[in-house]
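Encoded as structure tokens, the structure appears first; notes follow it.
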Amino acid sequence: MRLPFGERRVPRGTRPAELLREAPADLARRALVAVVDGEVVDLARPLERDAEVRFLTFDDEAGRAVFRHSTTHLLAQAVKRLYPEARLATGPALADRFYYDIQFPEPIGEADLARIEAEMAKVAAEDLPIVREEWSREAARAFFAERGEPFKVEIVDEIPEGQPISVYRQGEFVDLCRGPHVPSTGRLRHFKLLNVAGAYWRGVEGNPVLQRVYGTSFERREDLDRYLWVREEARRRDHRRLGPELDLFSFHDEAPGFAFWRPKGWVLFRELERLSREVQERHGYEEVRTPYIYRAELWKVSGHWEHYRDNMFLSEREGEVFGFKPMNCPGHCLLFAEKVRSYRDLPLRIAEYGPLARCERSGTLHGLLRVRGFHQDDAHLFLREDQIADEIADVVAIVDEIYGVFAMPYRIVLSTRPEDFMGEPELWERAEAQLAEALDRIGRPYRLNPGDGAFYGPKLDFYVTDALGREWQTATVQLDFQMPIQFGLRYVASDGRERTPVMIHRAILGSIERFTGILVEHFAGDFPLWLAPVQARVLTISDEVAAYAREAAAALRAAGLRVEVDDRGEKIGLKIRDAETAKVPYMLVVGRREAEAGELAVRARKGENLGAMTVAAFAERALDEVRSRRLPGALAGREAGEAG
RNA sequence: GCUGCCGUAGCUCAGUCGGUAGAGCAUCUCCAUGGUAAGGAGAAGGUCGCCGGUUCGAUUCCGGCCGGCAGCUCCA
């Protein structure tokens, strides 16, 4: 046997667990499962031949999956003890959690989770060995039928001929399962049941509705605590709570899926647009504004009619159907086609920030993160095929610039041809290869996500990581050979012949609505100064300095800062508290002393006292912070750019 | 869209076993002019999501619809 800690000769039938006796203590203690010639198996699975044997711990993604999958069995066993009538369906591990779909005799609520959890703790304390057995189909069928587990019987029936049917036994509990599993229930100490939701058996509408019990588990207590803290913190930062609280935006029943931007939120929105314009102008983009509503004819040409109609807002007028645009590309194609284009004009980069509308299914709407009306920092690039790699490199450079500003690392995913696609498969393959090649050329790693491309082309999706370590899909770059053909777009090549340009659809922030929602949660409302809707608030100590306060505020506004005055007849403590709650970065306290000296007593957020300074000195300091788009303390040192 | 849950004042929530509702915060008025996270007093504020049914009477029970939440599915 070849082991990470050397080679060993052992008799046939030796178990990986036995090999661990000679392993370093840390590995021996932490190993969860073995990998024998690439196959993940139980530590108790006898070795039949010479092989390379490795061990997985909780540090390995696959190890964590096994660990959490084993926790689902712990959950199932506890449930069967408490509710013998419960019928088990399936219980897989997710990226950071697990769930088990269960049909309870009576629906349970989240209040019941603590009881189940307590029972799980008992099973874990019993430290029951988890043992694999292989059964005949008949035996498995009979067993689960007799135990009143119709879902398990159904699964048994669907296991292909020739594939072994394995069950795992821990104490009195036996579950149908492919495995592998950790060696005993005692390994699973740090777990937490999170929530209950409904789910159809096999995820098919019309099937019986089961209750999906979510939970998570970790090897170490502190990692579980950290996970739960992040969850709780995410709840506190929820943009749906903070947004209205900070006076940024709101929603009304009258327009489901469409945000109302209040003045303060709109400041944020415009600052993001400003950042985008600033960067893109430097990269040779030209901004346009095209119509919102087009005849159905256009959507038939672009392919949206066939592939995207269900998501479009359509209406009929004078016997004709019109559609509100869900994307800008067809409009930009019309613009491109207006003139005879030379190869010298390419790449032509057309940007637009106008409104888009997509009729998302009602159940998918979610605050600003998923809306029906939104704006993108959208652009369409028309180029020659030989310009693809350079142009993609340039787009990635823009991504770096923009996400660097927010200290958000990202990773890239390449999505390929979906089932519902347009055009010739060969063109798709060419486009997919070109995207991969462009990334290779600038040395950017990426992952593959087959079948997830847009209907007109493969794409690169950028997943950014926020301050809580959560990932969000934001930027997207889509390579499209189809639409230029559909629209009959041409340019005159250097040899005088007409050729079809290639198109790149790209957005960096993505939906600005969505991105604002992400930022609210990323910063927990504590925006960097350049984004803060109110950058400073002048607070008066008594009525007699109100005039001076207004004067100082006017001077700061004239300098280009967003400033409010709080001259209410309240105590300074209350005004500080209110400004702190509103997350105003600078509080400028003004009393008789400051009024006489022409100064401001500057208090930064979180109570830091910066002392008294003149109005001009504060303006200079603040403007410098705005211009540099500096980040607030906690994020300032964070690694930006690529996450690999 | 589907399943489950929810919808009472601007916000957070209590309450009515069927007899048209209450607290805190916010708002307004008055007193207090107070130096770094809540000064005091008073007032005003609700077609109890919408429509229908049952009932002498519905915010409460029933049904439908709308919206929200957790998921499923889908995705910027």
Side-chain angles (χ1 to χ4, degrees), chain A residues 99 101 107-110 194-214 235 238 240-241 244-245 247 250-257 308 310-311 326-327 356 358-378 415 418 452 454 459 461-463 472-476 478 505-518 539-546 567-582 587-594 601-610 612:
Chain A
Y99 67 79
D101 282 346
I108 60 160
E110 315 232 321
L194 300 168
N195 55 313
V196 189
Y200 298 100
W201 165 234
R202 295 175 184 280
V204 177
E205 281 176 25
N207 277 356
V209 174
L210 312 172
Q211 287 198 286
R212 179 166 293 182
V213 180
Y214 284 91
R235 205 181 56 76
D238 193 323
R240 291 169 298 179
R241 170 198 295 255
E245 218 170 274
D247 212 10
S250 55
F251 286 91
H252 292 267
D253 290 359
E254 287 80 353
Y308 209 77
D310 288 349
N311 279 317
M327 301 178 194
L356 302 170
R358 297 180 186 175
C359 191
E360 304 292 352
R361 297 158 69 164
S362 54
T364 64
L365 301 177
H366 185 90
L368 285 179
L369 299 182
R370 190 149 189 85
V371 290
R372 286 179 170 159
F374 61 105
H375 305 70
Q376 285 183 321
D377 59 336
D378 196 18
S415 296
D452 202 37
K459 60 177 183 175
D461 283 325
F462 292 71
Y463 289 82
W472 306 94
Q473 204 270 293
T474 52
T476 182
Q478 305 167 354
H505 312 239
R506 42 112 288 174
I508 310 300
L509 301 171
S511 150
I512 302 179
E513 274 76 1
R514 178 180 155 82
F515 194 74
T516 307
I518 293 170
L539 313 179
T540 57
I541 285 177
S542 66
D543 288 347
E544 59 183 13
V545 295
D567 59 0
R568 291 175 300 166
E570 296 290 349
K571 293 190 168 184
I572 194 66
L574 193 263
K575 296 182 185 183
I576 298 263
R577 183 188 148 80
D578 285 350
E580 230 18 281
T581 306
M587 281 151 264
L588 311 173
V589 178
V590 160
R592 194 178 302 170
R593 282 202 301 272
E594 289 76 18
V602 181
R603 183 194 206 268
R605 194 159 29 193
K606 315 274 189 228
E608 192 190 354
N609 185 2
L610 302 179

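Here A:R568 contributes atom CZ and A:L574 contributes atom CG; the two are 5.5 Å apart, rounded to the nearest 0.5 Å. For the atom pair A:I541 CD1 and A:K575 NZ, the distance stands at 8.5 Å (nearest 0.5 Å). Within the model, atoms CD of A:E570 and CZ of A:R577 stand 12.5 Å from one another, a figure rounded to the nearest 0.5 Å. Note: A:D101 CG to A:W201 CH2 = 8.5 Å, rounded to the nearest 0.5 Å. Atoms OH and CG, on A:Y99 and A:L210 in that order, are 10.0 Å from each other to the nearest 0.5 Å.
For the pair A:R370 CZ and B:rC69 C1', the computed distance is 17 Å after rounding to whole Å. Nucleotide B:rU12 holds its C1' atom 17 Å from the CZ atom of A:R240, rounded to whole Å. Atom CD of A:E254 and atom P of B:rC66 are 14 Å apart (whole Å). When rounded to the nearest whole Å, the span between CG of A:D578 and P of B:rA26 equals 8 Å. Atom pair A:E245:CD and B:rA26:C1' shows a separation of 12 Å (rounding to whole Å applied). Across the protein-nucleic acid pair, A:R568 atom CZ and B:rU27 atom C1' stand 11 Å apart, rounded to whole Å. Following rounding to the nearest Å, A:M587 (CE) and B:rU36 (P) show an atom-to-atom distance of 14 Å. The interatomic distance linking A:E608 (CD) with B:rA37 (C1') rounds to 16 Å, in whole Å.
The pair A:R370-A:E360 meets the salt-bridge criterion, with a side-chain N (NZ, NE, NH1 or NH2) lying under 4.0 Å from an Asp/Glu carboxylate O. Ion pairing between a basic and an acidic side chain is recognised when a charged N comes within 4.0 Å of a carboxylate O; A:R592 and A:E544 show such pairing.
If you take atom P in B:rA26 and the same atom in B:rG42, they sit 16 Å apart, rounded to whole Å. Here, B:rC50 and B:rU12 have their C1' atoms 24 Å apart, quoted to the whole Å. Of the P atoms belonging to B:rG24 and B:rG67, the separation is 35 Å, rounded to the nearest Å. With C1' as the reference atom, B:rC61 and B:rG18 are 8 Å apart, rounded to whole Å. Here, B:rA58 and B:rU20 have their C1' atoms 9 Å apart, quoted to the whole Å. For the C1' atoms, the distance linking B:rA9 with B:rG46 amounts to 5 Å, nearest Å. Distance noted for atom P between B:rG4 and B:rG64: 11 Å (whole Å). B:rU16 sits 42 Å from B:rC74 when the C1' atoms are compared, rounded to a whole Å.
In the set B:rA76, B:rG68, B:rU33, B:rA76 carries the atom at the smallest distance from any side-chain atom of A:Q478. When distances run from any side-chain atom of A:E580 to the nucleotides B:rC75, B:rG71, B:rA37, the shortest one goes to B:rA37. Closest approach to the A:I576 side chain among B:rA37, B:rC72, B:rG35 is made by B:rA37 (side chain taken as heavy atoms from C-beta onward). For A:F374, the side-chain atoms get nearest to B:rA76 when compared with the rest of B:rC72, B:rU27, B:rA76. Comparing B:rA37, B:rG71, B:rA76 against the side chain of A:E360 picks out B:rA76 as the nearest. Between B:rC72, B:rG68, B:rA76, one nucleotide has an atom nearer to the side chain of A:R514 than all others, and that is B:rA76. Closest approach to the A:A601 side chain among B:rG68, B:rG35, B:rA70 is made by B:rG35 (side chain taken as heavy atoms from C-beta onward).
Each of A:H252 and A:V196 lies near RNA chain B, and the nucleotide nearest A:H252 is the one positioned closer to the 5' end. Nucleotides of RNA chain B nearest to A:T540 and A:A454 differ in position, and the one nearer the 5' end is that of A:T540.
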Just the table, please: protein N/O against nucleotides 38-49 of chain B N/O, every pair under 3.5 Å.
| unit_1 | atom_1 | unit_2 | atom_2 | d |
| --- | --- | --- | --- | --- |
| B:rA38 | N7 | A:R577 | NH1 | 3.3 |
| B:rA38 | N6 | A:R577 | NH2 | 2.7 |
| B:rA38 | N1 | A:R577 | NH2 | 3.1 |

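At a cut-off of 3.5 angstrom, counting only N and O atoms as typed in the model, there is a donor on one side and an acceptor on the other between the side-chain of A:E594 and the base of B:rG35.
The partner of B:rC25, taking Watson-Crick or G-U wobble pairs whose two distances both stay under 3.5 Å, is B:rG10. Base pairing annotation: B:rU60 forms no Watson-Crick or G-U wobble pair, as no partner gives both donor-acceptor distances under 3.5 Å. Nucleotide B:rU55 has no partner under the Watson-Crick or G-U criteria, as no pair reaches both atom distances under 3.5 Å. Under the Watson-Crick and G-U wobble criteria, each requiring two contacts below 3.5 Å, nucleotide B:rG46 is left unpaired. In this structure, B:rG71 and B:rC2 make a Watson-Crick or G-U wobble pair, each of the two defining distances being under 3.5 angstrom. When Watson-Crick and G-U wobble pairs are counted only if both distances are under 3.5 Å, B:rU36 pairs with no nucleotide at all.
Within the 4.0 angstrom heavy-atom criterion, only backbone atoms of the sugar-phosphate kind lie near A:K459; the bases stay farther away. The residue A:N195 sits close only to the backbone: its heavy atoms come under 4.0 Å of sugar-phosphate atoms, none of a base.
A donor atom on one side chain and an acceptor atom on the other are not found under 3.5 Å apart for A:D567 and A:T540.
Neither OP1 nor OP2 of B:rG71 sits under 4.0 Å from any side-chain N or O of A:H366. Remark: A:Y214 is in phosphate contact with B:rC72, judged by side-chain N or O atoms under 4.0 Å from OP1 or OP2. When the side-chain nitrogen and oxygen atoms of A:Q473 are compared with OP1 and OP2 of B:rA76, one or more of them lie within a distance under 4.0 Å.
The two residues A:V371 and A:E513 come nearest to each other via the heavy atoms CG2-CB, 4.3 Å.
Between A:R372 and A:C359 the shortest side-chain heavy-atom distance falls below 4.5 Å.
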